[in-house]
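We count ligands from 1, going down the list as the structure has it; atoms in each ligand are counted the same way. All values below were derived from every heavy atom in this structure, side-chain atoms included, with hydrogens, water molecules and symmetry-related copies excluded. Being a predicted model, the structure only gives us computed values, none of them experimental.
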Amino acid sequence: MVNNIQERLYTDQQLKKMLADMLLIRKFEEAVEKLYQEGKIPGTMHLCIGQEATAVGACAALTNEDKITSTHRGHGHSIAKGTEIKPMMAEILGKATGYCKGKGGSMHIADLNVGNLGANAIVAAGLSIGPGAALASKMKNEGYVVLCFFGDGATNEGAFHEALNLASVWDLPVIFFCENNLYGMSGSIKEMINVEHISERAKAYGIPGITINGNDVMEVARFTQEAVDRARNGKGPTLIEAETYRWRGHSRSDARKYRSREEEKEWRKSRDPIASFKEKLLEENVLTEDAFLELEKRIDAEIIGAVKFAEESPEPSLDILETDIYA
Ligand SMILES: Cc1ncc(C[n+]2csc(CCOP(=O)(O)OP(=O)(O)O)c2C)c(N)n1
Ligand SMILES: [Mg+2]
């Protein structure tokens with residue numbers, strides 16, 4: 001049983017770390033949302049609040065040397081892979097201390113030190129970059145695997161199909177991790193995809209495909225671990241479809257006409273990935289209410305520190321305008 005905590009692969013400390021990482025993602029994004037409303041964020045941003053378990057569960061199965069590619073909705077992936085929140089927040093605020101020296105913003109956060117190959121504004125772009133990095137790992141015998149995050153919408157792009165085919169033919173050490181949050185930018189997948197499960201598409205490329213509960217962090221970690229083991233043992237790629245839900249709109253302005261308020265309420269109430277995991281840890285005596293309050297306090301302080309760092313950091317100077325660019 002995937003949900004039975006007693007049969008788990010992880011220690012108490014690792015489980016508490018998963019809860020802490022999910023909480024850090026949510027509180028980080030709540031802070032980003034507030035800063036955006038205060039007019040302090042140039043450009044746009046996409047929030048993954050409600051989807052924390054996919055990022056954290058998937059990254060729990062990876063080592064520091066393993067790599068990820070991310071999406072336009074990438075804050076959670078970065079934090080789960082170990083990217084520091086101070087330079088992340090600074091980048092989102094367009095400050096010189098950010099990961100791209102303030103020139104990239106929310107959708108260009110990368111941190112090669114922890115194997116984070118970066119967020120990307122182009123839907124499905126990580127699906128080309130990831131197998132490339134996996135090919136390098138295989139050719140140089142470096143042993144790392146690559147996990148590509150992408151959305152349900154990205155699976156209708158040509159890049160998705162090309163990536164699955166080539167990765168299958170070449171047995172690349174890659175995990176295709178689809179965060180199916182039921183919607184693209186402005187429409188339901190029911191209008192865009194004619195199979196019941198996106199994971200069925202794996203069959204066309206001769207690789208395993210599986211649909212899992214993306215709001216159960218342990219289920220995500222368990223199934224991702226299987227796919228990682230497979231990839232690392234030279235057996236090739238897996239397609240994982242993790243069902244989840246984004247609580248917020250697509251980006252800064254979205255009237256959410258494509259879904260009902262009742263549906264949103266239901267997901268928040270009965271399928272909150274953080275509340276349900278917290279309950280599980282309390283039931284299994286891995287966590288106490290006091291320890292949870294302590295954890296919240298620590299994370300709140302960390303977020304305040306990151307916002308202060310970003311707000312007090314300088315703007316990029318004009319003389320770096322033409323550095324770190326290709327053309
Ligand atoms: C190639 C490309 N086409 C269209 C867009 C505009 N766009 C940005 S996000 C998005 C929706 C992507 O949906 P999905 O892959 O399900 O990710 P989600 O936003 O649900 O996380 C679209 C169409 C883009 N950025 N890049
Ligand atoms: Mg989607």
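- Of all protein heavy atoms, the one closest to atom 16 (O) of ligand 1 is Gly153 N, 2.8 Å.
- Contacts between Asn181 and ligand 1 below 4.0 angstrom, taking non-hydrogen atoms only, involve the side chain exclusively.
- Among the atoms of Ile122, none of the N or O lies under 3.5 angstrom from an N or O of ligand 1.
- In summary, the atoms of ligand 1 found under 4.0 Å from a heavy atom of Gly151, numbered by their order in the structure, are 14 (P), 15 (O), 16 (O), 17 (O).
- Between the side chains of Glu243 and Asn213, not a single donor N or O lies within less than 3.5 Å of an accepting N or O.
- Here's the thing with Asp152: one of its N/O atoms is less than 3.5 angstrom from an N/O atom of ligand 1.
- Backbone or side-chain N, O or S atoms of Asn180 do not reach the Mg ion (ligand 2) at under 2.8 Å.
- In this structure, a donor-acceptor pair under 3.5 Å is present between the side chains of His77 and Glu179.
- Asp66 and Thr63 share a side-chain donor-acceptor pair at under 3.5 Å.
- In this structure, a donor-acceptor pair under 3.5 Å is absent between the side chains of His250 and Ser186.
- What sits closest to atom 13 (O) of ligand 1 on the protein, heavy atoms only, is Gly184 CA, 3.5 Å.
- The N, O or S atom of Asp152 with the smallest distance to the Mg ion (ligand 2) is OD1.
- At a 4.0 Å heavy-atom cut-off, ligand 1 does not touch His46 at all.
- Ser137 and Glu142 share no donor-acceptor pair across their side chains, judged by distance under 3.5 Å alone.
- Taking a cutoff of 4.0 Å between a charged side-chain nitrogen and a carboxylate oxygen, Lys86 and Glu84 do not qualify as a salt bridge.
- Under 4.0 Å from ligand 1, the heavy atoms of Arg73 that appear belong solely to its side chain.
- For Met22 against Pro273, the heavy-atom pair with the smallest separation is CE-O, 3.8 Å.
- Looking only at heavy atoms of the protein, atom 11 (C) of ligand 1 is closest to Met185 N, 3.5 Å.
- Taking the ring axis of Tyr36 as reference, the NZ or CZ atom of Arg252 does not stay both within 45° of it and closer than 6.0 Å to the ring centre.
- Salt-bridge formation is detected for the pair Arg261/Glu264: a Lys NZ or Arg NE/NH1/NH2 atom is positioned less than 4.0 Å from an Asp or Glu carboxylate oxygen.
- Atom 9 (S) of ligand 1 has its closest protein heavy atom at His250 CE1, 3.2 Å.
- Contacts of Tyr183 with ligand 1, taken as heavy-atom pairs under 4.0 Å, involve the backbone alone.
- Scanning the protein for heavy atoms near atom 4 (C) of ligand 1, the closest one is Val123 CG2, 4.4 Å.
- Neither the backbone nor the side chain of Ala124 has any atom closer than 4.0 Å to an atom of ligand 1 (non-hydrogen atoms only).
- In summary, the aromatic rings of Tyr183 and Tyr258 are positioned with their centroids under 6.0 Å apart.
- The Mg ion (ligand 2) has no N, O or S atom of Glu179 under 2.8 Å away, backbone or side chain.
- Within the 4.0 Å heavy-atom shell around ligand 1 one finds Glu157.
- Of the polar atoms of Ala154, at least one N or O is found under 3.5 Å from an N or O of ligand 1, judged by distance alone.
- For the side-chain contact (heavy atoms from CB on, under 4.5 Å) criterion with Ile25, the lone passing option out of Val56, Leu47, Ile49 is Val56.
- For a threshold of 3.5 Å applied to N or O pairs, the pair formed by His72 and ligand 1 contains at least one separation below that value.
- Among protein heavy atoms, the minimum distance from atom 25 (N) of ligand 1 is reached at Ala121 O, 2.8 Å.
- Side-chain atoms of Asp111 and Tyr99 form a donor-acceptor pair, as typed in the model, at a separation below 3.5 Å.
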